[in-house]
Amino acid sequence: MRYKLVKGTKDIFLNDINKWQYIESTSKKILEDFGYSEIRTPIFESTDLFSRSIGVSTDIVEKEMYSFKDKKGRDLTLRPEGTASIVRAYVEHSLVPPVKFYHIGTMYRYEKPQSGRYREFYQIGIEAIGSISPFIDCEVIDLALFLLSKLGLTNLKIRLNSIGCRKCREVYKKILLEYLKKKELCKDCIRRMNLNPFRVLDCKNEQCIRVTSTPPSILNSLCEDCKKHFAEVKEILAEYKISYFEDPRLFRGLDYYTKTTFEIVTDELGAKNSVLGGGRYDYLVEELGGDSTPAIGWAFGVDRLVLALESAKFRFPDESKKLIFIAWTTETAKKQAFKIARRLRTEEFRCEMNYEKSLKAQLKLADRLEAKLTVIVGTHELKEGKVILRNMEDGSQRKIDIEKIELELKQIMC
RNA sequence: GUGAGCGUAGCUCAAUUGGUUAGAGCGCUGGACUGUGGCUCCAGUGGUUGGGGGUUCAAGUCCCCUCGUUCACCCCA
């Protein structure tokens, strides 16, 4: 029996793994500069935690969660997103605001896979808990933009909106329903209208886009407080020349969002053009049992970012050390070669050898592994206490003393 | 969950309207070069044509089912 990848999952290795490593290590460095520290939470949590925070009527909770019972009958779920766990941890450990965390890891959603969408996917995200200042909204958006562009993605656009607080949303919901009732909408939207009228504004159907092109803006329904907050956010963004476009249609699929919401889109992706998304969630901490505490965060999909970078022909840096290959001619030489390889590795050289191939095949392997140098251990040279050092780029080679290998290598490699 | 396209060697793809033993390039192994990679040439290796059923004298090719995959919708990172 041969086994295959489970639908929607993938292996990342060889020519691809450096892309993930590059994004992860670069992100860590930048996020830490912005004052965020890493948090690692479990990959599974109580099912309740997610349905409570994401919202029971959302698609994620209704049909996309990997839920199961453990041997004691506990209802558990593989995390479909990162925020809930982090807020849980924040409340559980009675942390004192302000707290800024970032996380890197896999998320799980039972969706039909397509370009840029997988059932297991990697996310990098941040949460800034404890500040209501519009400055933190801007910091967070600025960071998102800075990080993505630092990672090599250009042509980024910020979609920005405010969906207000509980009060504003109730007011707006009524106004929106009145507006939609008079329109000719697609079947899906008619169904959605009563369930969650905000979704209609997300519809990609041309007819729907046309007839809802001038929806009542939620911005008109914002209460004084939310209005002021949003105005300040925009003011600060403008002051720092962070360009954005306001999009009153931007609603996000998780119920915990309040006030500022945003997405960063790139035209390097197909239909899945949104690479990063986030917003404020001022009620979530309280909802999960903590003191009322405002917070804001975002996350981006690493897999999707890789796709976007690839399509933009970005050259991923390869920071791995140059390889030194150790080749041998005979069994006795092989023992010497093994000894040399051991020695070099303890000196932190990146070193590889093979134990069964002919010398010719060993050289060929060295070539395939893109070795910069090959140390050839031959019986003739061993008699004089020497080995051959072959430069794989130009094919030049010379004999050197066995004791001096490290010295020579250090000179050549750096 | 809905719709469309595609499944042939490790990879990328051929195979006339259904017709003899399913081919090529790349890769891999070896040789030309007895202890030296890349370039060239030569040879070898490689397949339950995704799986199951059906139609037919004959199926990689047509039909049905199923699985996988890709893309789009929904939704989202």
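Proteins get letters first, then strands, A, B, ... in listed order; numbering begins at 1 in each.
Taking the P atoms as reference points, B:C67 lies 46 Å from B:U40, given to the whole Å.
The partner of B:C71, taking Watson-Crick or G-U wobble pairs whose two distances both stay under 3.5 Å, is B:G3. Remark: B:A58 base-pairs with no nucleotide in the shown strands. Criterion, Watson-Crick or G-U wobble with two distances under 3.5 Å. When both pairing distances are held under 3.5 Å, B:G35 makes no Watson-Crick or G-U pair with any nucleotide shown. Within the shown strands, nothing qualifies as a pairing partner of B:A9 under the Watson-Crick or G-U definition with both distances less than 3.5 Å. Shown here, B:U17 forms no base pair; nothing in the strands shown gives a Watson-Crick or G-U wobble contact with both key distances under 3.5 Å. The partner of B:G30, taking Watson-Crick or G-U wobble pairs whose two distances both stay under 3.5 Å, is B:C42.
Residue A:R368 places at least one side-chain N or O closer than 4.0 Å to OP1 or OP2 of B:C28. When the side-chain nitrogen and oxygen atoms of A:K360 are compared with OP1 and OP2 of B:G37, one or more of them lie within a distance under 4.0 Å. One finds a side-chain N or O of A:K357 lying less than 4.0 angstrom from the OP1 or OP2 phosphate oxygen of B:U29.
With hydrogens and angles ignored, no donor-acceptor pair closer than 3.5 Å exists between the side chain of A:D367 and the base of B:G38. No N or O donor and acceptor, one from the side chain of A:Q362 and one from the base of B:U36, sit under 3.5 Å apart. Side chain A:E381 to base B:G35: a donor-acceptor pair is found below 3.5 Å.
Residue A:F300 comes nearest to A:S27 through the heavy atom pair CZ-OG, 3.9 Å, listed as atom of the first residue, atom of the second, then distance. Across A:E232 and A:P134, no two heavy atoms sit closer than the pair OE1-CG, 3.2 Å. When all heavy atoms of A:H229 and A:I132 are compared, the closest pair comes out as CE1-O, 3.1 Å.
Salt bridge status for A:E111 with A:K63: absent, with no side-chain N to carboxylate O gap under 4.0 Å. Salt bridge annotation for A:R159-A:E263: present, with a cationic side-chain nitrogen under 4.0 angstrom from a carboxylate oxygen.
Checked options A:L305, A:V302, A:L307, A:L309; the residue passing with A:V275 is A:L305 (criterion: side-chain contact (heavy atoms from CB on, under 4.5 Å)).
If you check residues 14-39 of chain A against RNA chain B, you find no residue with a heavy atom closer than 4.0 Å.
In this structure, A:F121 packs face-to-face on the six-membered ring of B:A77, meeting both the 5.5 Å centre cutoff and the 30° plane limit.
Taking only side-chain atoms of A:S115, from C-beta outward, the nucleotide of B:A72, B:G35, B:A77 with the closest atom is B:A72.
Every residue two or more places apart in sequence or in another chain that forms a salt bridge (charged side-chain N to carboxylate O under 4.0 Å, His left out) with A:K10 is listed here: A:D303.
Taking the nucleotide of RNA chain B with the nearest heavy atom to each of A:K364 and A:S358, the more 5' of the two is matched to A:S358.
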